Amino acid sequence: MKTYAIAAIPGDGIGTEVVAAGIEVLVAIAKRDGGFAFKIDHFDWGGEYCKKHGRMMPENGRDQIRKHDAILFGSAGHPDIPDHITLWGLRLAICQPFDQYANVRPTRVLPGITSPLRNVNGGELDWVIVRENSEGEYAGVGGRVHQGSPLEAATDVAMFTRAGVERIMRFAFRLARSRPRKLLTVVTKSNAQRHAMVMWDEIATQIAAEFRDVTWDKMLVDAMTMRMVMRPETIDTVVATNLHADILSDLAAALAGSLGIAPTANLNPERTFPSMFEPIHGSAFDIMGKGVANPIGTFWSAVMMLDHLGEKNAADRLMKAIERVTADKRFHTPDLGGKARTADVTAGVVDAIQGANT
Ligand code: ATP
């Protein structure tokens with residue numbers, strides 16, 4: 001029997017709660033499937049670890065997880081540590097060296113969930129946002145001089161390479177082609193950002209020639225926010241830069257009912273390194289330790305992990321189990337207006353996995 005080695009990095013805040021729930025569900029789905037198993041290794045890296053050891057993960061941390069088949073990540077952050085330290089010290093310290101350049105973020109209104117959009121019911125919103133995850137505005141290029149003096153200056157340079165843009169465009173066109181509507185929107189800001197964003201547009205046009213069966217259009221990022229709210233049914237697959245897609249996907253998550261539901265995959269499509277799966281939300285310290293975090297975003301991330309591992313039947317079965325649970329309002333956590341606890345939702349999904357019809 002195939003055994004997948006999973007590196008679990010729960011991180012901080014509700015990350016620890018939702019990853020524990022995610023592991024319960026993964027173990028249940030493997031048992032139900034019977035064709036594969038998981039070996040789960042736990043890593044206590046994150047803000048708490050940093051307070052003890054002075055860094056978010058050990059110096060050889062990446063070597064410890066390099067050979068794993070996938071990574072299940074929660075969220076890292078600490079009220080006492082600046083966000084840019086926690087982000088660059090762990091999440092980006094894994095994503096960038098492991099070349100997880102395609103960040104894929106599906107958005108759907110799941111059964112039983114109410115979208116804040118008027119006239120949108122389940123099934124009418126089915127998007128997948130592809131975020132360039134290795135360069136652009138989050139390339140880390142820039143600097144700060146004369147700190148504290150009136151002459152202080154700082155730059156964050158958005159860096160785009162032809163190779164980086166070509167590979168994310170190809171990934172997005174390929175993904176759009178694999179979906180029924182074969183529709184891609186390339187998000188840009190090439191009116192104001194007249195160098196790199198113009199190159200982004202030109203490369204989109206060039207790559208589009210390789211995918212003549214995909215219908216595509218271009219949209220300025222500001223106009224895109226409006227289209228997501230006013231004409232959501234016209235959108236299918238979306239590709240955008242690191243910063244633009246970061247913002248658009250939080251909007252997408254909110255439009256689909258809650259940040260607690262949205263999943264994401266940080267993919268290294270060439271499979272040279274492990275890919276990483278995580279809910280979109282952060283550490284949510286306001287609800288930490290209360291047992292009310294919505295674990296659905298982590299469960300959906302587990303579906304993406306199963307898909308990536310090639311376990312299509314298990315992925316479909318888990319998604320069905322999730323949808324059966326969201327359809328039942330007794331399993332709605334407070335972010336969805338309900339009273340359920342993390343443990344109730346987890347037990348509900350495990351039950352649904354074991355049920356005859358999933
Ligand atoms: P970070 O800085 O780590 O990203 P944050 O608090 O800025 O954290 P989130 O953690 O994403 O951002 O939380 C934003 C809001 O959404 C919070 O009020 C939080 O309680 C709520 N929230 C986020 N995730 C969940 C979840 N899984 N279940 C319930 N509520 C959630």
Side-chain angles (χ1 to χ4, degrees), residues 9-25 45-51 56-57 72-95 103 105-108 110 112-116 129 131 133 138 242-243 245-264 266 276-304 322 325-326 329 331-349:
I9 309 176
D12 304 292
I14 63 166
T16 57
E17 301 167 40
V18 293
V19 166
I23 289 171
E24 256 186 75
V25 158
W45 306 337
E48 280 301 327
Y49 180 96
C50 185
K51 292 204 85 175
M56 294 289 287
M57 65 194 263
L72 182 64
F73 190 83
S75 167
H78 198 284
D80 302 340
I81 310 173
D83 285 347
H84 67 276
I85 307 268
T86 56
L87 182 65
W88 282 93
L90 188 59
R91 204 179 151 275
L92 292 182
I94 295 171
C95 281
N103 183 210
R105 302 182 158 201
T107 303
R108 277 198 290 130
L110 298 184
I113 308 291
T114 310
S115 165
I129 299 179
R131 168 180 173 190
N133 210 27
Y138 300 170
N242 219 326
L243 171 68
D246 192 11
I247 297 166
L248 293 181
S249 56
D250 261 30
L251 172 60
L255 294 177
S258 169
L259 199 51
I261 291 176
T264 183
N266 301 282
M276 181 158 82
F277 302 83
E278 57 174 335
I280 281 190
H281 64 76
S283 312
F285 285 105
D286 53 332
I287 56 165
M288 167 180 126
K290 295 186 178 155
V292 296
N294 189 344
I296 296 290
T298 306
F299 297 164
W300 195 346
S301 305
V303 171
M304 299 182 83
I322 291 170
V325 163
T326 61
K329 291 208 181 340
F331 292 113
H332 285 191
T333 40
D335 55 307
L336 297 173
K339 290 201 169 71
R341 302 178 61 77
T342 313
D344 303 328
V345 186
T346 310
V349 171

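Remember, it's 1-based here, ligands and their atoms both numbered in the order they're listed. As the structure is a prediction and not an experimental result, all values here were calculated from the model.
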Is [Y] close to [X] at the side-chain level, that is, under 4.5 Å between some pair of heavy atoms?
X      : Y      : answer
Arg91  : Thr86  : no
Thr333 : Val292 : no
Leu336 : Ile261 : yes

* Asked: Would Glu17 and Lys290 pass as an ion pair if we require N to O under 4.0 Å?
  ->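 So Glu17 does not pair with Lys290 through a salt bridge.
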
Contact table ligand 1 N or O to protein N or O, d under 3.5 Å:
| unit_1 | atom_1 | unit_2 | atom_2 | d |
| --- | --- | --- | --- | --- |
| ligand 1 | 3 (O) | Ser283 | N | 2.9 |
| ligand 1 | 3 (O) | Ser283 | OG | 3.4 |
| ligand 1 | 10 (O) | Gly282 | N | 3.2 |
| ligand 1 | 10 (O) | Gly282 | O | 3.4 |
| ligand 1 | 10 (O) | Ser283 | N | 3.4 |
| ligand 1 | 10 (O) | Ala284 | N | 2.8 |
| ligand 1 | 11 (O) | Gly282 | N | 2.8 |
| ligand 1 | 18 (O) | Asp286 | OD2 | 2.8 |
| ligand 1 | 20 (O) | Asp286 | OD1 | 3.0 |
| ligand 1 | 20 (O) | Asp286 | OD2 | 2.9 |
| ligand 1 | 27 (N) | His281 | NE2 | 3.3 |
| ligand 1 | 27 (N) | Asn294 | O | 3.0 |
| ligand 1 | 28 (N) | Asn294 | N | 2.9 |

* To do: Determine the minimum heavy-atom distance between Glu24 and Thr346, stating which atoms define it.
  =>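 What the structure gives for the nearest pair is OE1-CG2, 3.6 Å.
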
* Nearest-0.5 Å distance, CD1 of residue Ile129 to CZ of residue Arg105 ->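 If I round to the nearest 0.5 Å, the distance is 8.0 Å.
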
